[in-house]
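A short worksheet on the structure shown next.
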Amino acid sequence: MPVAAAPRPPYAPDSEEAPPRKLYRSADGRMLGGVARGLAGHLGVPVIWVRLAFFGLFMWGDGLGVLLYAAFWVFVPLGVGGRSGHRSYFDTLPDGTRRLRKPERGQITALVALCVGAGIFISKVQVGGASGRYVWPLLLVGAGVVLVWRQADNARRAHWNAAAGRHVRLLQTARALAGVALVGVGLTVFIVVRGSAAQLGNVLTATLAVLVGVALLAGPWLIRMTQDLSEERLMRIRAQERAEVAAHVHDSVLHTLTLIQRNAEDSGEVRRLARAQERELRNWLYKPEGTGKDEAEEPTTLAEAVKKTAAEVEDHHGVPIEVVVVGDCPLDEKLAAQMQAAREAMVNAAKYGGEGGPVQVYAEVEGQMVFVSVRDRGPGFDMDAVPDDRMGVRESIIGRMQRNGGTARLRSAPDGGTEVELEMERAAKAA
Amino acid sequence: MTEDSANATTGAAGRQVRVVLVDDHRMFRTGVQAEIGETGRTGVEVVGEAADVDQAVTVITATRPEVVLLDVHLPGGGGVEVLRRCAPLMSAAEDPVRFLALSVSDAAEDVIGVIRGGARGYVTKTITGADLVDSVFRVQDGDAVFSPRLAGFVLDAFASTDAPPVDEDLDRLTQREREVLRLIARGYAYKEIAKQLFISVKTVESHVSAVLRKLQLSNRHELTRWATARRLV
């Protein structure tokens with residue numbers, strides 16, 4: 001069965017303190033790249049100190065702070081470590097989950113500060129008129145690079161959130177393009193400023209030639225590398241998948257088999273255990289991906305409800321119940337009542353008709369009607385012969401269905417056995 | 001099917017059917033052998049066994065059985081692949097080989113897949129030996145064997161394809177065929193269905209065969225779409 005190869009985030013990073021203290025850039029509560037916060041978390045000092053240190057280095061170290069910061073930004077991976085304890089003064093507002101969409105005030109101030117800083121930086125560097133001409137193109141290139149690198153951060157973060165919609169992806173592409181464009185423009189301006197505007201055509205041709213040459217030389221190698229990478233990734237996903245299966249088999253199947261060995265004399269118990277395990281394993285194997293594989297949660301659709309009810313009755317009474325469901329619809333109040341009636345019918349069938357073979361449950365959704373039939377192959381019984389004080393069938397099944405606007409028919413099936421047919425109309429809103 | 005089977009088994013006295021068992025689990029093959037393979041009692045003779053697709057094709061071609069009990073999941077391409085490679089044998093004018101799918105699979109596309117591939121029926125591995133013998137004889141007669149679960153899958157498949165106005169070449173089920181299928185899904189035996197609908201058992205059989213034919217003929221595209229919509233493939 002093809003497993004939908006949904007790329008699961010490999011080992012979701014623990015938000016608890018990772019045992020080896022590794023330097024990460026902090027993903028939340030960050031102003032720019034999360035460098036300062038990451039460092040602060042790593043060193044165990046308040047984040048403001050680190051920020052001040054960077055700023056100081058930047059102001060009086062001829063822009064060294066910026067260089068350092070940039071280096072950290074580029075080389076240190078983004079992570080969730082390093083945010084333990086110290087919360088920034090700027091970050092006291094309630095933790096918005098959608099930080100990605102809405103830039104915080106802190107981030108904006110950081111950007112403004114960066115611009116101002118850049119201004120100062122430029123004015124400092126602009127000693128000679130000649131070198132000053134290179135500053136603007138360099139800044140453009142820098143901005144482009146920053147844009148692209150930040151984008152990589154966001155991509156990684158979105159990977160954790162695992163909720164990158166098409167919209168976000170579009171935005172990311174746009175940003176990447178903008179970054180590349182900025183770099184391109186910066187380089188062009190650089191060339192023009194160097195006074196070789198006349199030879200721009202030549203330079204461009206030469207550049208293109210070099211690029212094509214590099215692509216030709218490195219292309220196959222790059223392609224192979226990406227292929228290897230994706231193959232490696234696939235293997236890892238497979239290994240995880242296998243580990244998950246192994247874990248499940250270990251937890252449930254092996255456990256049950258042990259129980260069966262221990263209860264080998266009690267054939268009823270063995271059968272019950274085996275049935276329950278079979279059902280659970282089937283459920284686990286054949287349920288479509290992403291519909292929640294635990295049985296614990298409340299069913300929301302008719303098919304789930306029927307299967308769950310049957311499973312419970314089967315476990316309780318040790319009589320196999322075969323379920324066939326055709327179609328499906330959401331469970332509403334009336335259908336819930338029908339389910340309760342069906343449960344009662346199943347219990348009766350298991351109790352009184354279980355000797356003749358499995359109880360058969362059939363549910364069908366056809367248009368607005370929901371039909372459930374519960375059938376056993378037991379001795380069958382005569383409705384009129386049931387004493388008046390036995391309220392099970394009359395109240396729990398027939399009465400309940402009628403109160404909720406449905407019908408219940410109880411009849412003896414052609415070759416012995418009993419069949420209960422329950423019909424109910426769905427609530428009108430679900431068209 | 002339960003009470004029928006006793007009759008069928010005794011009624012089959014004197015009849016002989018040669019069967020090949022295709023399943024990759026040796027334990028299961030042994031179990032089936034033990035259940036049905038006592039030729040004297042059941043009339044079923046297991047003339048060959050195979051554990052994968054290649055073996056199956058070789059054994060079936062060599063022994064030319066009347067019925068093949070075919071597992072859905074097999075190494076080498078699954079039951080569908082066996083059916084594909086044995087297609088000439090199935091349509092042979094004399095002594096056609098007939099296939100009965102036998103599986104633990106709960107996945108509709110597995111089951112419907114082998115039925116579409118030409119299998120004459122599908123039963124689950126929880127079936128009792130007597131019921132299995134009965135099914136083998138019915139398949140040998142050219143009849144279709146629908147378990148309740150298969151009937152449910154088929155109803156589901158046809159029900160959801162007629163929601164949008166699909167192309168006309170997709171055969172629909174008639175009202176009667178639908179009723180018959182529904183009763184099978186509810187666990188009725190053919191005889192009971194006949195009684196219930198006031199028709200003969202022969203008519204029930206012909207309805208079931210018609211459903212099988214439609215299922216095997218119906219436009220492959222539609223079924224793929226159905227399966228895709230349910231995230232089955």
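Here the structure is a predicted model, which is why all the values come from computation and not from measurement. Letters A, B, ... are given to chains in the order of the sequence lines, protein chains preceding strands, and every chain is numbered from 1.
Nearest heavy-atom pair, B:G187 versus A:R377, reported as atom, atom and distance to 0.1 Å: O-NH2, 2.6 Å. The two residues B:D156 and A:V325 have their closest heavy-atom pair at OD2-O, 4.4 Å.
Between A:R375 and B:E192, at least one side-chain N (NZ, or NE/NH1/NH2) sits under 4.0 Å from a carboxylate O, which counts as a salt bridge.
Not a single side-chain hydrogen bond (donor to acceptor under 3.5 Å, both in side chains) links B:S209 to another residue, sequence neighbours left out. Not counting sequence neighbours, A:R238 has no partner by the salt bridge (Lys or Arg N to Asp or Glu O under 4.0 Å) test.
Atom CD of A:E366 is separated from atom CZ of B:R182 by 4.5 Å, given to the nearest 0.5 angstrom.
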